[in-house]
Amino acid sequence: MQGLNILLQPNVFMQLTINGVAMGMIYALMAMGLILLIRAIGVMNFAQGELLMLGAFITWGLTYQVKLPFVLMIPAAMLCFAFVGVVFMFVAYWPLRTASYPTATVISTMGAAMVIREIATITWGSLPLVSAPLVKGVVRVGSLRLQYQYLLTIAIGAVLIFLVFVLFEKLYAGRIMQAAAQDKYAAELLGIPTVLTTAATYIIVVTLASVGGYMIAPVFLVNVTLGTLQLRAFAGVVTGGFGSVKGAIVGSLFIGLVESYSSTFTTTYKDAVVFLVLIVVLLFRPQGLFGERVADKA
Amino acid sequence: MMRSTGIRLCLCILAALLAFPLAVSAFDGTVTFGAVAPMSGTNIMVGDFVRNGILLAQKHINERGGILGKELKIVFEDEVDNLQASVNAMTKIINYPEVVAFFGSTYSANCIAASPVVLQKKITMFAGGSSANIPKEKNPYVWQVRMTDDQSGLLLAKAATQVIGMKNPAVLYVAESFGTGLMTQTVSALKGLGIDVPEKNLYAHNPDEKQFSPILTQIINSDADGLIGISHQMPAAVITMQATAAGIDIPLLGSSSFASVVCRETAKEASDGWMGVADWTPDVTTPEGKAFSEAYREEYKGKPDSDMPAVTAYDSLMLFAEACKIANTTTDREAINNALYKIKAYKGAMSTYTYNDNHCFSTSQFLTINENQRAVLKEVVYTREP
């Protein structure tokens, strides 16, 4: 009851909602990447959190080590993300795509996560690094204080999600990628270069996660533990419905809000509450909020 | 001709005699000390400090002629960032026949987990952790250089009430062995000082927590008149940054980590204003502390300043050397362990060490305040006679 009273204080509720949506956006960027890879190549990527972490390190390196101005840092970072995406694909997926043991690629992503973490440690060291927020300061609405960084995270997350929707729903390139994902053999017969469409998917996945890393770096610091956020993205994917991009986004926002609101009831078992809610959702809708029942499909 | 040949021969013999000491080692054998540290994984920064502290102590001891004339050698094992790997690393070190004693994990839970193996093998372990649960194991081979949390809790409570004047503090703590223990001891000590901390003012966070804004939002909107932070170094840095961003404007007091180099150098000006009850500050004023602090800066130029894990590891090795001297042996594990009971008023870098019934040597901590990203020493506070 006491937790509910705290939650219902207007200031607390508003602040927690903004925090929850901002974190939900970060989880959504990772979750979308997870779904895109599952749909494109059928692989659950356990290195998604580490890709987010690597994105934070890359943008930090370009800003503070290479000392690029913001306008040059963004395209340079995009090129780096694309490079990482292609390397990740050709190292962690491509050699194993025809493996007789289908989960080999999943195991490979787990190994890749460790390798990425150690490479980041060797390259940037073990101490957490500070990244300045894109916009410093807070918006004051009465006694409410909303950090610009959270608001910006929500805005940029929303724009990226919109762009991915446009790509896959409206653009020819997106349809080609979807076609190659659905039936690789048929797509190749039609002359679609599936290696390129797969690489494009990897680039998009890495870019989404990396932008998430860039956005949270000023709040959480740049360090190798950023990868642990991936667990919430998984929860978002499962809550929303495995395989559904829309579900992954809604599920991630839901997880972000549950995580934020639950802190008024318990801070110790905040994570447990998140996964308890996940279990409850699955009890009533095993297919997730937007997923299709397998039996219905059959 | 004969004469010049004789002179040449004499010169050759003289040269050989002069060169002889250079050809053989200055030491009469070796003594090996083990050290466990996270040298990979997410806690590698702690491992760097431990390693630096151990290597500096090794250098200083060997420069002074080793231990009882024997050269000090170090064997390191990587405890990575999880309990299982840590216990494996400690078990491996324990089973090296040449290792006489070792520096255990910096994490209390790992030290407690390794305690049965230590007892079975009867080898001295200097635990890097500060949990008051370590002495509860009643393991005669486990020793703590740092002050235990029950004592730190008392100092935190005194600083909160008597120095800052908090009457209704909120406590934000990390929900694991160290944090829960220190929180319990602090709340208990506050009660002893006439302040009951209600349940609603206790906020736990998970060890890998990064998002403190929801908790800080609640604290800001509560009736708490101060915040006591109890956490590890990196969360401490994030807490100070997010507290500043959230506009928290109540007095702030933290455990040792809030005065740490990692916290101050990471959070920069956001760490300013936090008071701390710290195991260590490089601004220490005792001669032994200053000597260590300056030697560390000299040895590790361009790297972060010394921090608690470094000085804990350094002093552990120094206490081991002292115990060897008291026992007059570098090989008899049991005699060396028994000699630790005789440590009294040994002036280390971090504290003056005296044996205590709970196997904890430290007698003091530092009350600091972060100003311009430095942990400025306000007072050395003792919990018992050094």
Side-chain angles (χ1 to χ4, degrees), chain A residues 2-3 5-7 9-16 18-20 22-23 26 114 117-118 121-122 125-130 133 136-138 140 143-145 147-150 216 218-229 231 256 259-264 266-272, chain B residues 38-49 80-81 172-176 179-180 198-200 202-222 233-238 241-242 244-248 261-263 265-270 303-304 307:
Chain A
Q2 195 175 43
N5 288 337
I6 295 169
L7 179 61
Q9 289 175 30
N11 271 359
V12 175
F13 182 77
M14 194 63 201
Q15 196 109 37
L16 293 184
I18 297 290
N19 288 344
M23 287 313 299
I26 301 294
M114 290 182 207
R117 209 162 43 233
E118 295 305 326
T121 306
I122 291 165
S126 54
L127 288 170
L129 305 169
V130 182
K136 280 185 180 173
V138 292
R140 288 172 189 271
S143 57
L144 190 68
R145 294 166 60 98
Q147 291 179 50
Y148 280 121
Q149 187 66 26
Y150 282 118
I216 56 161
V219 184
F220 291 173
L221 301 175
V222 184
N223 64 84
V224 289
T225 64
L226 284 177
T228 56
L229 294 173
L231 212 57
E259 189 185 17
S260 194
Y261 293 149
S262 67
S263 67
T264 61
T266 172
T267 49
T268 318
Y269 304 110
K270 189 167 60 107
D271 291 350
Chain B
M39 294 185 283
S40 61
T42 53
N43 298 329
I44 193 170
M45 62 179 175
V46 171
D48 286 344
F49 282 121
V80 198
D81 55 9
L172 171 57
Y173 66 97
V174 55
E176 43 81 283
T180 309
E199 191 71 26
K200 70 178 176 66
L202 300 176
Y203 301 89
H205 75 79
N206 294 313
D208 64 347
E209 185 65 72
K210 291 168 184 64
Q211 171 64 306
F212 295 96
S213 294
I215 298 174
L216 293 167
T217 298
Q218 292 174 61
I219 294 172
I220 289 169
N221 288 282
S222 74
Q233 295 173 338
M234 218 166 81
V238 180
M241 291 172 74
Q242 293 187 8
T244 302
I248 201 160
V261 171
V262 172
C263 176
E265 290 198 356
T266 303
K268 302 264 187 278
E269 60 268 24
K303 289 189 176 178
D307 214 340

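Quick note on labels: first sequence line is chain A, next is B, and so on, each numbered from 1.
- Panel note: side chain B/Gln242, backbone A/Val219; a donor-acceptor pair is recorded below 3.5 Å.
- In this structure, B/Phe212 CZ and A/Thr267 OG1 are separated by 10.5 Å, a value rounded to the nearest 0.5 Å.
- Contact of A/Ile122 with chain B is not made at all, since no heavy-atom distance falls under 4.5 Å.
- Considering OH of B/Tyr203 and OG1 of A/Thr264, their distance stands at 10.0 Å, rounded to 0.5 Å.
- The distance from atom CG of A/Leu16 to atom CD1 of B/Ile215, rounded to the nearest 0.5 Å, is 10.5 Å.
- For a residue to count as touching a neighbouring chain, one of its non-hydrogen atoms must lie under 4.5 Å from one of that chain's; by this rule A/Pro133 does not touch chain B.
- Proximity to chain B (any heavy atom under 4.5 Å) is restricted, for A/Thr121, to the side chain, taken from C-beta onward.
- Taking both residues in full, the closest heavy atoms of A/Glu118 and B/Ser40 are given as OE1-CB, 4.0 Å, listed atom of the first, atom of the second, then distance.
- Of the two parts of A/Tyr261, neither the backbone nor the side chain holds a non-hydrogen atom closer than 4.5 Å to a non-hydrogen atom of chain B.
- More than 12 heavy atoms of other shown residues, nucleotides or ligands fall within 6.0 angstrom of atom NZ in B/Lys200.
- For chain B, no part of A/Met114 is nearby; none of its heavy atoms comes within less than 4.5 Å.
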### Query
A/Ser263 and B/Gln211: side chain to side chain contact (heavy atoms under 4.5 Å, CB included), yes or no, with the steps?
CA-CA 11 Å; A/Ser263 67; B/Gln211 171 64 306; over 6 Å; no

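- Rounded to the nearest 0.5 angstrom, B/Ser213 OG and A/Ile18 CD1 are separated by 12.0 Å.
- Contact annotation: the side chain of B/Ile220 never approaches that of A/Gln15 to less than 4.5 Å [non-hydrogen atoms, C-beta and beyond].
- If you run side chain to side chain contact (heavy atoms under 4.5 Å, CB included) between B/Lys210 and each of A/Ile216, A/Thr228, A/Leu221, only A/Thr228 comes through.
- Among B/Gln233, B/His205, B/Glu209, the residue with the largest count of heavy-atom pairs under 4.5 Å with chain A is B/Glu209.
- With a 4.5 Å cut-off on non-hydrogen atoms, B/Ala175 touches chain A through its side chain but not through its backbone.
- Residue A/Thr225 touches chain B through both its backbone and its side chain, counting heavy-atom pairs closer than 4.5 Å.
- Here the shortest heavy-atom pairing between B/Met45 and A/Pro128 reads SD-CD, 3.8 Å.
- With a 4.5 Å cut-off on non-hydrogen atoms, A/Val138 touches chain B through its side chain but not through its backbone.
- The distance from the CG atom of A/Asn19 to the OG1 atom of B/Thr217 is 5.5 Å, given to the nearest 0.5 Å.
- Comparing A/Val130, A/Leu7, A/Thr266 by heavy-atom pairs within less than 4.5 Å of chain B, the highest count is held by A/Val130.
- With a threshold of 4.5 angstrom between heavy atoms, B/Asn221 approaches chain A through its backbone and through its side chain.
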